[in-house]
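The block underneath contains the structure these notes are about, expressed in structure tokens.
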Amino acid sequence: PNSFTRDILLATQLFNNDTIFIFIVHLPSRIGGTESEYKRNYVAKVLSYNVDSLLKINPLRKILIMGDFNDEPCNISLTDILKAGCKNIKSNNTYKLLNTMCLKNYKIGTIKYKGNWYIFDQIIISKELFNSSINSKKYTETIIYSPEFLLIPDSKYGGVKPFSTYEGKKYIGGFSDHLPVLIKFCN
């Protein structure tokens, strides 16, 4: 009860007489390691409740969830609690949502920590948004946007890393310690 977290933002977008429900999230950080997992699981339960409420009213709702989950696509908060699966949901009733970040193998993640890449920033969509079109535009792919100007050499662990605004408390003038993700809908 004395622990607070960020709010979940819900926005609706009307697109040619079709409404898309968009959730923007930033789940609690991993500070403290596995001890902080319960916080992300709690927020995932709240998010799942809201998604379920929308789908109960109309199972054909088009829902898009995006943000920094501070968990990877295979973590409990996403697979077991939110029911966001990593398989084609056309034929799978276990999951109500599709985590688009696990539909292909990425060479890098969205955040690098101690030399390892992780995919914490994700885009998750409902079955209806995946299966149908938004006025003739169909889901095609999700990408991790990683142009050169968003990356710098990783002198400690090798390779590259996101060009952060800060390194510790020192301002270095970059953009973010996370890389953005983009979803594509095409004709």
Side-chain angles (χ1 to χ4, degrees), residues 1-12 20-57 61 63-87 89 92 94-103 106 108-127 129-130 142 144-146 150 154 156-157 161-171 174-183:
N2 296 328
S3 181
F4 297 96
T5 186
R6 300 169 189 97
D7 291 332
I8 299 170
L9 173 66
L10 171 61
T12 56
I20 300 172
F21 294 83
I22 304 166
F23 289 93
I24 310 293
V25 301
H26 190 174
L27 272 64
S29 77
R30 288 187 162 220
I31 293 174
T34 56
E35 294 174 19
S36 65
E37 182 180 30
Y38 79 94
K39 293 178 182 180
R40 289 185 300 284
N41 290 347
Y42 175 78
V43 175
K45 284 178 191 173
V46 172
L47 180 58
S48 181
Y49 173 82
N50 284 281
V51 169
D52 287 345
S53 296
L54 287 172
L55 293 175
K56 186 175 184 181
I57 295 168
R61 296 257 198 224
I63 298 171
L64 185 136
I65 306 166
M66 61 184 168
D68 178 356
F69 287 85
N70 275 305
D71 269 338
E72 293 218 274
C74 61
N75 288 132
I76 291 170
S77 64
L78 295 160
T79 58
D80 295 0
I81 297 171
L82 188 56
K83 299 284 188 228
C86 289
K87 295 183 179 171
I89 57 177
N92 187 334
T94 305
Y95 299 110
K96 62 186 172 207
L97 301 166
L98 174 71
N99 190 330
T100 65
M101 298 310 294
C102 42
L103 294 180
Y106 296 98
I108 62 173
T110 61
I111 187 169
K112 192 173 184 183
Y113 179 71
K114 292 188 177 180
N116 296 309
W117 283 102
Y118 298 93
I119 298 177
F120 285 178
D121 304 272
Q122 299 167 52
I123 297 178
I124 297 169
I125 59 177
S126 64
K127 290 181 182 183
L129 193 55
F130 180 72
T142 304
I144 297 171
Y145 186 63
S146 58
L150 291 179
D154 187 346
K156 187 171 185 179
Y157 296 104
K161 65 181 182 180
F163 186 17
S164 298
T165 308
Y166 288 90
E167 199 161 66
K169 292 183 178 184
K170 181 182 175 192
Y171 178 78
F175 300 95
S176 175
D177 60 337
H178 292 248
L179 292 173
V181 291
L182 304 170
I183 189 166

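All values below were derived from every heavy atom in this structure, side-chain atoms included, with hydrogens, water molecules and symmetry-related copies excluded.
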Looking at OG of Ser48 and CG of Asn41, how far apart are the two atoms once the value is rounded to the nearest 0.5 Å? 11.5 Å
Looking at every heavy atom in both Leu129 and Ile125, which two are closest together, and how far apart are they? CD2-CG2, 3.7 Å
According to the interplanar angle, ranging from 0 to 90°, do the rings of Tyr118 and Tyr113 count as parallel (below 30°), tilted (30 to 60°) or perpendicular (above 60°)? tilted
Taking atom OG of Ser53 and atom CZ of Arg61, what is their separation to the nearest 0.5 Å? 10.5 Å
List the atom of Pro162, the atom of Lys112, and the distance in Å for their closest heavy-atom pair. CD-CB, 4.2 Å
Given Asn50, Leu9, Leu64, the one that forms side-chain contact (heavy atoms from CB on, under 4.5 Å) with Phe23: Asn50
Pair Lys96 + Asp52: basic N to acidic O under 4.0 Å: yes
For Leu27 and Leu47, what are the C-alpha separation, side-chain angles and deciding distance, and is it a side-chain contact (heavy atoms from CB on, under 4.5 Å)? CA-CA 10 Å; Leu27 272 64; Leu47 180 58; 5.5 Å; no
What I'd like to find out is whether the side chain of Met66 reaches to under 4.5 Å of the side chain of Ile24, using heavy atoms alone. yes
Is the backbone of Val181 close enough, under 3.5 Å, to the side chain of Thr110 for a donor and an acceptor to pair up by distance? no
Side chain Thr100, main chain Ile123, donor-acceptor under 3.5 Å: yes
When you measure from the side chain of Asn99 to the backbone of Met101, do you find a donor-acceptor pair of N or O atoms at a distance under 3.5 Å? yes
Minimum heavy-atom distance Ser146-Ile108, with the two atoms named: CB-CD1, 3.5 Å
Within a reach of under 6.0 Å around CZ of Phe175, are more than 12 heavy atoms found that belong to other residues, nucleotides or ligands? yes
To the nearest 0.5 Å, atom CD1 of Ile76 lies from atom CG of Leu82 at 13.5 Å
Between the CH2 atom in Trp117 and the CG atom in Leu179, the distance rounded to the nearest 0.5 Å is 5.0 Å
Side-chain contact test, heavy atoms from C-beta onward, threshold under 4.5 Å: evaluate it for Ile63 versus Val51 and give yes or no. yes
Short side-chain to backbone donor-acceptor contact, Gln122 and Cys102, under 3.5 Å: no
Can we call the ring centroids of Phe120 and Phe69 under 6.0 Å apart? no
Just verifying a value: how many Å separate Asp121 CG and Leu182 CG, rounded to the nearest 0.5 Å? 11.5 Å
If you look at every heavy atom in Pro73 and Thr79, which pair is closest and at what distance? O-CG2, 3.3 Å
For residues Glu72 and Asn75, report the shortest heavy-atom separation together with the two atoms involved. N-OD1, 2.5 Å
Student check: side-chain heavy atoms of Val25 and Arg6 closer than 4.5 Å: no
Could you pull out all residues at least two apart from Ser29 that satisfy side-chain contact (heavy atoms from CB on, under 4.5 Å)? Ile31, Asn70
Which pair of heavy atoms, one from Lys161 and one from Asp154, lies closest together, and at what distance? CD-CG, 3.9 Å
Calculate, to the nearest 0.5 Å, the distance between atoms CG and OH belonging to Leu54 and Tyr49 respectively. 10.5 Å
